Number of protein chains: 2
Amino acid sequence: MGRVSDARQRLLEATNELTWKLGYNAVTVDAICEKADVRKGSFYHYFESKPALAKAALEAQWESYSRPLLEASFAADIPPLERLKRYMETMYKNQKEKKQRGERVLGCPIFSVAMSGEGVEAEVVEAAQRALKRKLRYFQTAIQDANDAGLIKVDDTEAATQAVYSLFEGAWARARIQNSPEPLAGLYEQALRLLGAAEQESPPKKSRVA
Amino acid sequence: MGRVSDARQRLLEATNELTWKLGYNAVTVDAICEKADVRKGSFYHYFESKPALAKAALEAQWESYSRPLLEASFAADIPPLERLKRYMETMYKNQKEKKQRGERVLGCPIFSVAMSGEGVEAEVVEAAQRALKRKLRYFQTAIQDANDAGLIKVDDTEAATQAVYSLFEGAWARARIQNSPEPLAGLYEQALRLLGAAEQESPPKKSRVA
DNA sequence: CTTGAATTTGACTAGACGGTCAACTATACT
DNA sequence: AGTATAGTTGACCGTCTAGTCAAATTCAAG
C-alpha cells in the first residue's frame, strides 16, 4: 500500500558515486541528498543513519557492480589462468576508457573505504572488508584450480595467491593515486611470474645498463 | 627575540599520529590541539590552515621517519637484492612488533593520504604523492643495480619495478585493512619471482590437490 | 632593566554537519 | 469512494568545525 518510490535506490547510487570519488568521510548527507534529489527527511525515512546508508550502499555495489564483473571473468568454465587474465585486463580497459573519457581513475570502490580503519564507523569498514574477502576468494579458487591442473609452479599456493592479490590491489590503488591506468598495464604477465607460469615467451632480453 | 617553543614540533607529531590512525578527514583541528597540548590560537600562529599543517606534517614525517628507514635499508654499499630484502623484512618486523604490543597495524602513513584523491585538499594529496614517488626511486635504483649486476632476469626492468612496488604497497595496504602483518610476510621471496631471481632454492615441490 | 618580538590564551564567530519532527501528499487496496 | 499506509517535505536543533582576534605573557637581546 501507499506511495511507491525509487528514492532508496537513488540514495544508494548517489552514495556510491560520491564515496568512490571523495572517500567516505568527505561525503556529507546533504551532498548525497542533493545528488539523489531527495530531501533530508526522506533520507532518514529509508536509513537510520549515514553509516547505515554507507553500509547498505557498499552491499548494493557488491551485488550490482563488483560481483557481476567478477563472475563474468572468473566463470568456472573458463581455464583458470584465463580467468585471471580476463579480470585483470578488463579492469585495465575499464580504467583506461574512463581516463580517455576525461574522467578520473578511481581505483577500487571498496578498497579505499576498507583502508579508512578507525575514523570511520566499524559498521562501514566491516562491510568493505567483507567485500574484499569475497573478492579474494575468486582469486583463490582460480589459482587453486590452476594448481590442480598443473598450470603453475609454486611452493605455497596460498602465499602465491596472497601475493597476486596484493599485486593487483596495490596496482589498482596506485592507479587511483596517479590518476592513470598504467600501473594496471601488463599485470597479468607479472602475476604469471608470481605463479611460476611463464606464458608463451617473447624472446628474452638480457640486462641493460642505466 | 621573544619566547622559544616546541609547539610547532608537537603539532606536527600529533598530526601525523592522528592522521596515520584515523585518516586525514577524520582528524579535527581540535583533536590535534588537544593531543599536542596547544591552544587553537597557537595553532594558527604556526600554520595558516589545517591542510597547510597536514602538508608540513607529511614532509616532516618523510624526513624523520620514512627517509631514514629507506636510507638504512637501501644504502648503496649493500648488494642490490639485499636492500630489497632488508626493507621488506624490516617493515614486516615493524608491523609485527606493533601488533604484538597490542597496537593497530596502520600500514604506510603516506599511502592512505595519497589515496584520498579529491575530497582532500590538493596541497595535502600532492605532498603525499611526492613522498611516494621518492620511495619508488629507492626501488628503481636497487632493481636497476640488480639488473646491471646480472642478478635478475626480466624483459622490462621498469615494468618489473612497478610490479614489485605495487606488490609491496598492496601488501602494506592489506596489512592495514586486516590489522595484521601477515600480508607482508615472505614478500621478498615473492618479489624475487617477479624479478626472475629465484634465491638459494629449497627443494621445489610439485602441485598439490585441494 | 627595558624593550619588543615571539608566543600563548580563551573567548568568539559563522557556517556546516548529522539528525529530528509533525504535518502533508499520493496511491494501492478494499 | 474511502482509507490506511508508504512516502515526502521543509523548518528546526544541538553540536562540531575551521578559523579569528585582541589582549596577556614570556624571554632574548641591547
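Predicted, not measured: the structure shown is a model, and the values here were computed from it. In what follows, chains are A, B, ... by sequence order, proteins preceding strands, each numbered from 1.
Here C:dC17 presents its P atom at 13 Å from OH of A:Tyr24, a figure rounded to the nearest Å. Regarding B:Gln9, its CD atom lies at a distance of 14 Å from the P atom of C:dT7, rounded to whole Å. Going from atom CG of B:Asp6 over to atom P of D:dC27 covers 13 Å, rounded to whole Å. One atom, CZ of B:Arg39, and another, P of C:dG10, lie 6 Å apart when rounded to the nearest Å. The NE2 atom of A:His45 sits 14 Å away from the P atom of D:dT5 (whole-angstrom rounding). Rounded to a whole Å, the CD atom of A:Glu121 is 13 Å from the C1' atom of C:dC17.
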Once base and sugar-phosphate atoms are separated, protein heavy atoms under 4.0 Å mark nucleotides 16-26 of chain D, 5' to 3', with B, S and - as -SBBBB---BB
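Applying the side-chain contact (heavy atoms from CB on, under 4.5 Å) rule to B:Ala122 yields the partners B:Glu126; only residues at least two apart in sequence or on another chain are considered.
Distances shorter than 4.0 Å separate none of the side-chain N or O atoms of B:Tyr46 from OP1 or OP2 on C:dA6.
Distances were taken from every side-chain heavy atom of B:Ser5 (C-beta onward) to each of C:dA28, C:dT7, D:dT8; the shortest belongs to C:dT7.
For A:Phe168 and A:Phe139, the ring centers are positioned less than 6.0 Å apart.
Between B:Lys98 and B:Leu106, the closest side-chain pair of non-hydrogen atoms falls below 4.5 Å. A heavy-atom distance below 4.5 Å is not found between the side chains of A:Asn16 and A:Tyr65.
With salt bridges taken as basic N to acidic carboxylate O contacts below 4.0 Å, one links B:Arg39 and B:Asp37.
Between the CD atom in B:Glu82 and the CZ atom in B:Phe74 there is a gap of 11.5 Å [rounded to 0.5 Å].
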